[in-house]
Each structure stands twice: as structure tokens, then as C-alpha cells.
Amino acid sequence: MSVWKKAAKANQKTHRERHQPEERQHLGLLEKHKDYQRRAKDYNEKKNILKTLKKRVLNKNPDEFYHHMINSKIEDGKHFEKEVEPEDTPDQICLMQTQDLKYIITKRTQEQRKIEKLQAQLHLTSVDHATPNKHIFFDKKKKTSLGVNVDKLSTVELPDIDPETLEKSARTRQSMYRELAKRINREKELAVTQEKLEVRRAVENKSNVLPPKRIKKGNKYRAPVYVWKYERKK
């Protein structure tokens, strides 16, 4: 580049786009040319996409089957996605992502022991509150009834049952039943999670020569079912 061109370029004035006038500041920033180019490009891209989609709709065979039809529906001319039931609950996802199989087996064993303990306690309380249904036979000669002297029966003092005590006992039993139901549901959740982890470990086993085939999709109540192709050992 010659000296004259360098001098001319150095003396060249830089043209800048004007700013927003003060009386129009309430309208926001003044759009520059680069902003207009970006907006026009976005508009034309969306216009072309809509044009392509309309063309596909016009050329589509209405009797054509595609797999997404199973999980979608049309109501009043509007397209909706069908709600697909998730395979895993949030608790199952959290356990499978943060814990291993040994931890889940340990927690499930603890829940089973707590369930057995609660069931035993509830059985004992039901026996204590049960009313005995017995026939009493008196011996006329000895005047005894099951080893108790008949003359002394009138002097035996039976304990008074306070209504508040009965109500408190009933509340305790209800609380124990609620805790038992909670423990049972927790144990079922852990059992399903354990089964899913075991199936996943078997599917991801590197010793599998052929990948297994899933024949039943899992859900939050059961693990998926896979079958492995039998290979004859040489």
C-alpha cells in the first residue's frame, strides 16, 4: 500500500449511526442496521419453515400410518400429545442414580424387620383388647368356678377402664396402622427398585454376546422384562 493511500485511509472519517433522539427516548433503543438484518433473517427463516410444513401437510397421505399416532390424538382439530405414564417414580430415579444395589437390599431388609415388629405389636394389642368367649361350669359340691371360690367372687374388684385410656389406646393403634401401611409401601418401592437395578445390571453385562430383547415395558410398579437368546456353548 502506498503512502498516499495510507494517509487517505488515516484521514477517512468513521461514519456512525445516530442515536435515539432525546424526545424519543421513551420508545427504547433505536434499531440499527445490524439489528434489522438479524430480525429480517429470523423472519425469513421462520417463513421458509412454515412454507415447508404447509407443503408437507398438503402432500401427506391421510391414510398413512406412523408410530407417533399411538402417542398422540386430535380433538376439535387440535393436536395433543397423550400422557405417557413414566416408568420410574421420582424416588426410584433418585435411588438408582445415587445408591447401589447393596444399599437398597439393606434398606429393604430393615423395612421388612420393622414391618414384622409392627405386625407383632398390633397382634398383641388386639389380643389384649379381645373379649374372651368362655363357658363357666360350676361345681355344686365345691362351689368353685375354674379354681375360684364362688363365695369370694363378690369381693373381687374389677379394674375400672377409663374412657380416656381407651381413646388413647385407639389413637395409638391407628398411628401404628398408618406407620405399618407406610412401611409396606416403602418396602414395595424398594423391591421394585431392586428388581430394576438387577435387570439393568443384567442387560448392561459386557459378557452378553447378543443384546437382550425387551418384551414388556416397565412402569413404576414393576421392572421391564427382557429375554436373552439362548446360545449353545461349544
Side-chain angles (χ1 to χ4, degrees), residues 45-46 48-123 126 174-234:
E45 287 178 353
K46 292 179 179 178
N48 293 332
I49 291 174
L50 290 175
K51 185 178 179 181
T52 304
L53 291 175
K54 288 180 181 179
K55 186 176 180 181
R56 289 181 182 177
V57 171
L58 293 174
N59 296 332
K60 182 180 177 182
N61 182 6
D63 298 328
E64 181 182 359
F65 173 80
Y66 59 100
H67 291 282
H68 190 64
M69 294 171 62
I70 302 174
N71 297 325
S72 62
K73 59 182 178 179
I74 296 178
E75 293 182 359
D76 299 330
K78 296 182 179 180
H79 184 269
F80 294 94
E81 296 287 337
K82 290 183 180 179
E83 294 183 0
V84 181
E85 184 180 3
E87 293 188 18
D88 305 318
T89 63
D91 291 340
Q92 292 174 358
I93 294 173
C94 181
L95 282 172
M96 288 188 289
Q97 289 180 349
T98 59
Q99 305 297 337
D100 57 359
L101 186 59
K102 291 183 180 180
Y103 172 84
I104 294 175
I105 294 175
T106 302
K107 296 299 291 185
R108 185 185 175 193
T109 304
Q110 292 176 357
E111 292 294 336
Q112 289 174 344
R113 290 175 180 173
K114 291 177 182 178
I115 289 172
E116 292 175 358
K117 184 177 179 181
L118 282 171
Q119 288 175 339
Q121 291 176 353
L122 286 170
H123 177 70
S126 63
Q174 290 294 331
S175 176
M176 292 174 67
Y177 275 117
R178 286 194 296 268
E179 184 179 357
L180 178 62
K182 181 180 177 181
R183 297 288 182 187
I184 291 174
N185 292 332
R186 177 65 175 168
E187 194 275 335
K188 289 181 179 179
E189 187 92 4
L190 290 170
V192 175
T193 307
Q194 176 184 343
E195 188 177 357
K196 288 182 178 180
L197 279 177
E198 291 173 346
V199 171
R200 180 181 296 180
R201 177 178 293 183
V203 171
E204 296 176 353
N205 191 354
K206 295 181 179 180
S207 63
N208 295 329
V209 179
L210 297 175
K213 181 181 179 181
R214 189 176 69 176
I215 61 174
K216 185 178 290 186
K217 187 178 180 182
N219 55 29
K220 58 185 179 181
Y221 302 111
R222 69 170 186 271
V225 180
Y226 287 84
V227 293
W228 279 259
K229 188 176 181 180
Y230 174 74
E231 272 192 69
R232 184 177 178 181
K233 302 296 181 181
K234 295 182 180 180

What's the shortest heavy-atom distance between [X] and [Y], and which atoms?
X    : Y    : answer
L190 : I104 : O-CG2, 3.6 Å
Y226 : V199 : CD1-CG1, 3.6 Å
L95  : Y103 : CD2-CE2, 4.2 Å

Evaluate the side-chain proximity of H123 to Q119: yes if any heavy-atom separation is below 4.5 Å, no if none is.
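Sidechains of H123 and Q119: no contact.
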Measure the shortest side-chain to side-chain distance between V225 and R214 over non-hydrogen atoms and say whether it is less than 4.5 angstrom.
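Not in contact.
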Return the set of residues passing salt bridge (Lys or Arg N to Asp or Glu O under 4.0 Å) with K55 (not counting sequence neighbours), or none when no residue passes.
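Salt bridge (Lys or Arg N to Asp or Glu O under 4.0 Å) check on K55 returns nothing, list empty.
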I'd like to check the salt bridge (Lys or Arg N to Asp or Glu O under 4.0 Å) partners of E195; sequence neighbours left out, ordered by chain and number.
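Result, salt bridge (Lys or Arg N to Asp or Glu O under 4.0 Å) vs E195: none returned.
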Of all residues at least two apart in sequence or in a different chain, which pass the side chain to side chain contact (heavy atoms under 4.5 Å, CB included) check with Q110?
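By the side chain to side chain contact (heavy atoms under 4.5 Å, CB included) rule, Q110 matches T106, K107.
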Residues in side chain to side chain contact (heavy atoms under 4.5 Å, CB included) contact with I105, at least two apart in sequence or another chain
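Counting only residues at least two positions away or on another chain, I105 forms a side chain to side chain contact (heavy atoms under 4.5 Å, CB included) with L101, T109, Q194.
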Can you measure from [atom1] ([X]) to [atom2] ([Y]) and round to the nearest 0.5 angstrom?
X    : Y    : atom1 : atom2 : result
R186 : E179 : CZ    : CD    : 14.0 Å
L53  : N48  : CG    : CG    : 11.0 Å
Q121 : L180 : CD    : CG    : 10.0 Å
T193 : R108 : OG1   : CZ    : 10.0 Å

Pair V203-W228, side-chain contact (heavy atoms from CB on, under 4.5 Å): steps then yes or no
CA-CA 9 Å; V203 171; W228 279 259; 4.1 Å; yes
Short side-chain donor-acceptor distance under 3.5 Å, Q92 and K220
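Judged by distance alone, the side chains do not pair up.
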Test of understanding: with side-chain hydrogen bond (donor to acceptor under 3.5 Å, both in side chains), list the residues that count as partners of K54, not counting sequence neighbours.
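Here no residue qualifies.
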Partner set under side-chain hydrogen bond (donor to acceptor under 3.5 Å, both in side chains) for Q112, not counting sequence neighbours
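Only E187 meet the side-chain hydrogen bond (donor to acceptor under 3.5 Å, both in side chains) criterion with Q112.
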Got a donor-acceptor contact below 3.5 angstrom from the R222 side chain to the K217 backbone?
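Here the side-chain-to-backbone pair exists.
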Could you go through V192 and Y221, starting from their C-alpha distance and side-chain angles, then the distance that decides it, and tell me whether this counts as side-chain contact (heavy atoms from CB on, under 4.5 Å)?
CA-CA 7 Å; V192 175; Y221 302 111; 5.6 Å; no
Within the supplied structure, the quantity of interest is the number of heavy atoms (other residues, nucleotides, ligands) at a distance under 6.0 Å from R200 CZ; does it exceed 12?
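No, because the 6.0 Å sphere around CZ of R200 holds 12 heavy atoms or fewer from other groups.
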